[in-house]
Amino acid sequence: MNERFIILLEKNLNNESTPEEEVELNRLFEENPELKAEFDEQKHIKGIITKMSLKNPSNEFWDFYWEKFSNKIERAFAWIAILIGALIVSGFAIYHAVSEFLADTSTPFFLKIGIALLTLGIIVLLLSVLREKLTIKKRDKYREIQR
Amino acid sequence: MIKEKIILSKSQKEEYSLLVKENMKRAYFSALGLLGSHDEAMELSQEAFIRAYRHYHNFDKTKKFFTWYYKILRNLCLNYIRDKKNRKESSFIDYIDTADSDRNAEEQIENDELKNLLEEKMMELAVEDREIIILKEFENRSYKEISELLKIPVGTVMSRLFYARKKLARKVGDYTK
């Protein structure tokens, strides 16, 4: 489709044509009646759409929308605080438990080595998973979307 | 390095709150047009505001907030549409009743049928086609604004709009001609 025709058509449909552009558009119609059919089709569908609007919610909906959004932000903070608190508490508990266990002279040495390695392994694993998650977050998830 | 920042300063939070209040209606209607569902539009537009909040410290304040926000919203909606093929849509279009309330029953039924037909055919369009019709015809955005939102030239906006309307016209058929 002729690019110039599309521009003239769009301007005409939006009542933005200059008199010269209207003359030019009419000349195109005379030269090519198919373009007139295209124009009529566009005008017809635009006429239908003009009778419609997106459904407008009530005023109460907008109050609710704002309230819900504020709650979500507050809860995001709350979850972060809970997560950090849980990490500190559990880290402290594990540290004390392992320290006391390793300090106990009645426990066999090889068992102490085993517990120490197990604890070290779990910590390294958690840090590795955490680092991977943070690295993934750095990349834009939506970059691959071709739109 | 973590790029998200949950803790904004008090002035940034107030600034952001104002931006949300100013833009939440536009955000909701943009999402509504893309998704065709009131509930999904509310959820995703809010989710986009939350994600924008986390990156607000990176936002260039010399640029328009909604243009920046729309990219996040659009990506969320497109991902949602792609992932939820069988989602249930609700009615998202209204017939603008400009005449007196004494419209007869037959006219009312015709208007409802036209509205339902348009809704159905709009949702059959590809998302990009529906999006451009929503932005221009329902939200009355200028070609320049749409060009900025979608990061395409104005000529391309006009061209895409032309072809989107053409597809919709073919789908709607000869109804009301």
Side-chain angles (χ1 to χ4, degrees), chain A residues 1-11 13-14 16 37-57 59 61-73 75-77 79-81 130 133-135 137-147, chain B residues 1-4 6-7 13 17 20-21 24-25 28-29 32-33 38 42 45-47 49-50 53-54 71-72 74-76 78-79 82 91-96 98 111 114-115 118-119 127-128 133-134 137-139 143 150 155 157-159 161-163 165-166 168-170 172 175-177:
Chain A
M1 187 59 58
N2 187 315
E3 209 179 291
R4 180 65 187 158
F5 166 69
I6 291 175
I7 292 170
L8 290 171
L9 176 142
E10 288 296 328
K11 291 186 95 174
L13 289 179
N14 289 298
E16 289 170 5
E38 292 279 356
F39 175 83
D40 289 340
E41 185 182 59
Q42 294 277 322
K43 198 167 176 180
H44 171 64
I45 194 67
K46 189 173 167 85
I48 292 175
I49 295 170
T50 310
K51 294 177 190 169
M52 309 288 172
S53 68
L54 291 174
K55 268 196 171 156
N56 199 1
N59 289 333
F61 168 79
W62 296 115
D63 292 335
F64 173 67
Y65 185 102
W66 172 250
E67 213 178 285
K68 200 170 174 193
F69 170 73
S70 301
N71 287 341
K72 283 184 181 179
I73 291 285
R75 278 166 209 173
F77 284 124
W79 279 113
I80 289 165
L130 189 64
K133 293 284 180 203
L134 291 173
T135 310
K137 261 183 181 279
K138 273 170 67 178
R139 287 180 12 228
D140 181 1
K141 263 172 84 169
Y142 308 109
R143 202 171 283 162
E144 70 272 15
I145 293 178
Q146 302 295 327
R147 295 286 173 188
Chain B
M1 191 176 81
I2 303 172
K3 281 191 178 172
E4 288 183 2
I6 307 291
I7 315 285
K13 272 191 224 173
S17 298
V20 172
K21 283 179 178 164
M24 64 187 194
K25 287 191 181 182
Y28 166 81
F29 284 125
L32 183 65
H38 162 79
M42 187 169 78
S45 59
Q46 290 194 339
E47 177 61 29
F49 275 124
I50 290 170
Y53 179 86
R54 290 186 193 144
K71 187 181 171 188
I72 301 169
R74 187 173 187 266
N75 284 338
L76 272 176
L78 292 179
N79 273 343
R82 188 186 61 194
S91 172
F92 66 102
I93 290 176
D94 260 342
Y95 190 92
I96 302 171
T98 54
N111 293 341
L114 181 60
K115 180 197 79 110
L118 190 68
E119 262 180 7
V127 173
E128 294 85 351
I133 290 176
I134 293 289
E137 306 295 355
F138 285 90
E139 293 188 35
Y143 294 111
L150 301 183
V157 172
M158 289 183 172
S159 176
L161 187 56
F162 173 85
Y163 286 109
R165 271 200 226 105
K166 193 177 170 70
L168 184 60
R170 295 285 155 95
V172 168
Y175 194 93
T176 76
K177 267 191 183 171

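What you see is a predicted model, and the numbers here were worked out from it, not measured in a lab. Every chain is numbered from 1 and lettered A, B, ... according to where its sequence line falls, protein lines coming before strand lines.
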Just verifying a value: how many Å separate [X] [atom1] and [Y] [atom2], rounded to the nearest 0.5 Å?
X      : Y     : atom1 : atom2 : answer
B:D94  : A:L54 : CG    : CG    : 9.0 Å
B:I133 : A:I45 : CD1   : CD1   : 7.5 Å
B:K25  : A:F61 : NZ    : CZ    : 10.0 Å
A:F69  : B:S45 : CZ    : OG    : 10.0 Å
B:M158 : A:N14 : CE    : CG    : 8.0 Å
A:K72  : B:Y53 : NZ    : OH    : 15.0 Å

With a 4.5 Å cut-off on side-chain heavy atoms, are [Y] and [X] touching?
X      : Y      : answer
B:L168 : A:I49  : yes
B:N111 : A:K51  : no
B:F49  : A:I73  : no
A:E38  : B:F162 : yes

Engaged part of [X] at the chain A interface, taking heavy atoms whose separation is under 4.5 Å:
X      : value
B:L150 : neither
B:L118 : side chain
B:F29  : both

Requested in this report: State plainly whether the residues A:E41 and B:R170 are in salt-bridge range, i.e. N to O under 4.0 Å.
Outcome: yes
Query raised in the report: Could B:E119 and A:K55 be called an ion pair, given the rule that one side-chain N must be under 4.0 Å from one carboxylate O?
Result: no
Query raised in the report: Side chain, backbone, both or neither: which part of A:N56 has a heavy atom under 4.5 Å from chain B?
Result: both
Query raised in the report: Side chain, backbone, both or neither: which part of A:T50 has a heavy atom under 4.5 Å from chain B?
Result: backbone
Report summary line: Note: A:Q42 and B:R165 closest approach over all heavy atoms is OE1-NH1, 2.6 Å
Report task. Check the side chains of B:Q46 and A:K68 for a donor-acceptor pair under 3.5 angstrom, ignoring hydrogens and angles. Result -> no
Query raised in the report: Who among B:K115, B:M24, B:H38, B:E137 has the most heavy-atom pairs with chain A under 4.5 Å?
Result: B:M24
